[in-house]
There are 2 protein chains.
Amino acid sequence: MFWVYKISQAMATATVEDYLKRIYLEQAGSAGTANRAADGDAAGGLVAMGQLARVVGVAPGTATAMVKALADSGLVNYEPYAGVRLTDHGEKLALHVLRRHRLIEQFLVEVLDMDWSEVHPEAERLEHAISDRLLERIDAYLGRPRTDPHGDPIPTAGGRVARPERAALIDVRAGRRLEVTRVLDQSPDFLRAMARHGLRPGAKVTVARHDEAAGTVHLKLSSRRSVTLGEAAARKILVKTRRRSN
Amino acid sequence: MFWVYKISQAMATATVEDYLKRIYLEQAGSAGTANRAADGDAAGGLVAMGQLARVVGVAPGTATAMVKALADSGLVNYEPYAGVRLTDHGEKLALHVLRRHRLIEQFLVEVLDMDWSEVHPEAERLEHAISDRLLERIDAYLGRPRTDPHGDPIPTAGGRVARPERAALIDVRAGRRLEVTRVLDQSPDFLRAMARHGLRPGAKVTVARHDEAAGTVHLKLSSRRSVTLGEAAARKILVKTRRRSN
DNA sequence: AACATGATTTTGACTACCCAAAAACTCAGG
DNA sequence: CCTGAGTTTTTGGGTAGTCAAAATCATGTT
């Protein structure tokens, strides 16, 4: 055998928490691309090692070793050469980490007035250092918010997540009155650009025209501003249709 | 040689930060016991390895190895078989860690309404995870406080610390009108007990009697309450004499 | 069926810590 | 000046990660 270690019960390290979170997000992400139900080969949510290594930011061999340890601890199911999937226990832990991450982001933006483009890396470190007691205080202080500054749903303490999964801006027919609910890209540059255009969760927009030839989506904001997005960006902005009340 | 490693420039690990902080506190603590100026043997602030190992919570050999690494990085001066002392650079880092720790404690108590008896371990972890940007926001939010909930002075961003070092309750003559400024023990039980008696920073007290035979100090609070402390406890409560106004 | 390509796993080696216990040192008392 | 008690250092070994590069495996193409 080679590198083996036990994951000590009860207290996961920051590294373990991070792997679990990434696996969860990749699982959820691939389910979101709507090809899960389509291909019936039961590969639903299986995350490939290369993909995991990439998102965690380690060499492929490192990910393999870690995943084996996670499997030995009952946190994931691992099929060699195929991929990983979280067990129920692993998913519970992952959701707890995600809850911490998103509540922290919301707190930093709402209370400490940080910019939504800069809170992600901060939360990335704080999510592993915060106690349940403090998390509870933050949750109470914010009034039990449902979403973070990017519109991502905050899992409950019991481990439930809302699955709103609205349509992306690119899928919506022109003319509909829409509200931005979620922005799927955490990179500071993207977030700063969207904020400059007024495209934050809560913003009211209408698709003026989707020019498929040019690969652009033309928007009209409630502030009368016009904005043109490329298709890649339009795919990252999720919206819901608005009721007819103002 | 044996265990050697380089401390990567610029970014100290949580462990390194912790060693530096502990060395600082031991140095400062021994200076506070007023035997520094007394014995002129230039041992001012030299921290013994056993002492360091104890406060950091590691075996003596571990402390020796770490201190050598710190010395190689220019953060401490190390004299084998004698002890360690921070260099200017090491002290600057230590003060920065201490600043983070104390601002976090103040924030948790003031804003998130946590109890002063429970914030210490929380801050112990958060102090290594927080960015300078966030620290600045916290400092601004609190209105640049000078002390934390225990009355400990918060170092400035520039690395200056107020050195109030008032008298301890046990040293004060009976009858003087006093104000509690600082509580030197962070242990939850002690802090809870003191809070129950109303002995927090800002509390107004008078020493009614110091019974040296019994080893007790009898206090009168502004709330008319009477409290009796043992000498060990009375040594940990620092006070200043109050001006004659109200 | 044979192969090439790309993904995955294994190997071997490294860093940043940690401990227990043996060896070396210091220093006060006789 | 010698001894022994207490402290400090060294030795040897362990854990939780990490990487680079070699070996292996799965797959689509001829």
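Every chain is numbered from 1, with letters handed out A, B, ... down the list of sequences. Please read all numbers here as calculations on a predicted model, not as lab measurements.
If you measure from atom OH of A/Tyr78 to atom C1' of C/dA7, you get 12 Å, rounded to the nearest angstrom. Straight-line distance from the CG atom of B/Leu46 to the C1' atom of D/dT7: 15 Å, rounded to whole Å. Distance, B/Leu52 CG to C/dC17 P: 14 Å, rounded to whole Å. Protein atom CD of A/Glu79 is 11 Å distant from nucleotide atom P of C/dT9, rounded to whole Å. Nucleotide D/dG17 holds its C1' atom 16 Å from the CG atom of A/Asp72, rounded to whole Å. Remark: C1' of C/dA16 and CG of B/Leu70 are 13 Å apart, rounded to the nearest angstrom.
Side-chain atoms of A/Ser187 and A/Asp185 include a donor-acceptor pair closer than 3.5 Å. With no hydrogens or angles considered, no side-chain donor-acceptor pair links B/Asp139 and B/Gln106 at under 3.5 Å.
Other residues, nucleotides and ligands contribute over 12 non-hydrogen atoms within 6.0 Å of the CZ atom of A/Arg144.
Here A/Lys68 reaches the OP1 or OP2 of C/dT10: one of its side-chain N or O atoms lies under 4.0 Å away. Contact check, B/Thr15 against C/dC17: a side-chain N or O comes under 4.0 Å of OP1 or OP2. OP1 or OP2 of C/dC19 sits under 4.0 Å from a side-chain N or O of B/Thr62. Residue A/Tyr19 has a polar side-chain atom (N or O) positioned under 4.0 Å from OP1 or OP2 of D/dT18.
Tested against A/Glu127 for a side-chain hydrogen bond (donor to acceptor under 3.5 Å, both in side chains), the candidates A/Arg100, A/His101, A/His96 yield a single pass: A/His101.
Contacts of A/Ala48 with the nucleic acid, taken as non-hydrogen atoms under 4.0 Å apart, involve only primed sugar atoms and P, OP1 or OP2.
Shown here are the side-chain hydrogen bond (donor to acceptor under 3.5 Å, both in side chains) partners of A/Thr156, two or more places apart in sequence or in another chain: there are none.
Side chain of A/Thr64, nearest nucleotide from C/dC17, C/dT9, D/dT18: C/dT9. Relative to the side chain of A/Val16, the nucleotides D/dG17, C/dT8, C/dC19 differ in distance, and D/dG17 lies closest. Set against C/dT8, C/dC18, D/dG17, the side chain of A/Met66 has D/dG17 as its closest nucleotide.
Classified by interplanar angle (parallel below 30°, tilted 30° to 60°, perpendicular above 60°), the ring pair B/Tyr141/B/Phe107 is perpendicular.
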Check the interface with nucleotides 22-26 of chain D: list each N/O to N/O pair with the protein under 3.5 Å, or write none.
from	atom 1	to	atom 2	distance (Å)
D/dC25	O4'	A/Tyr81	OH	3.4

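Under the 4.5 Å side-chain criterion, counting only non-hydrogen atoms from C-beta, B/Leu70 is in contact with B/Ile23.
When each of A/Ala59 and B/Met49 is assigned the nucleotide of DNA chain D with its nearest heavy atom, B/Met49 is the one assigned upstream, toward the 5' end.
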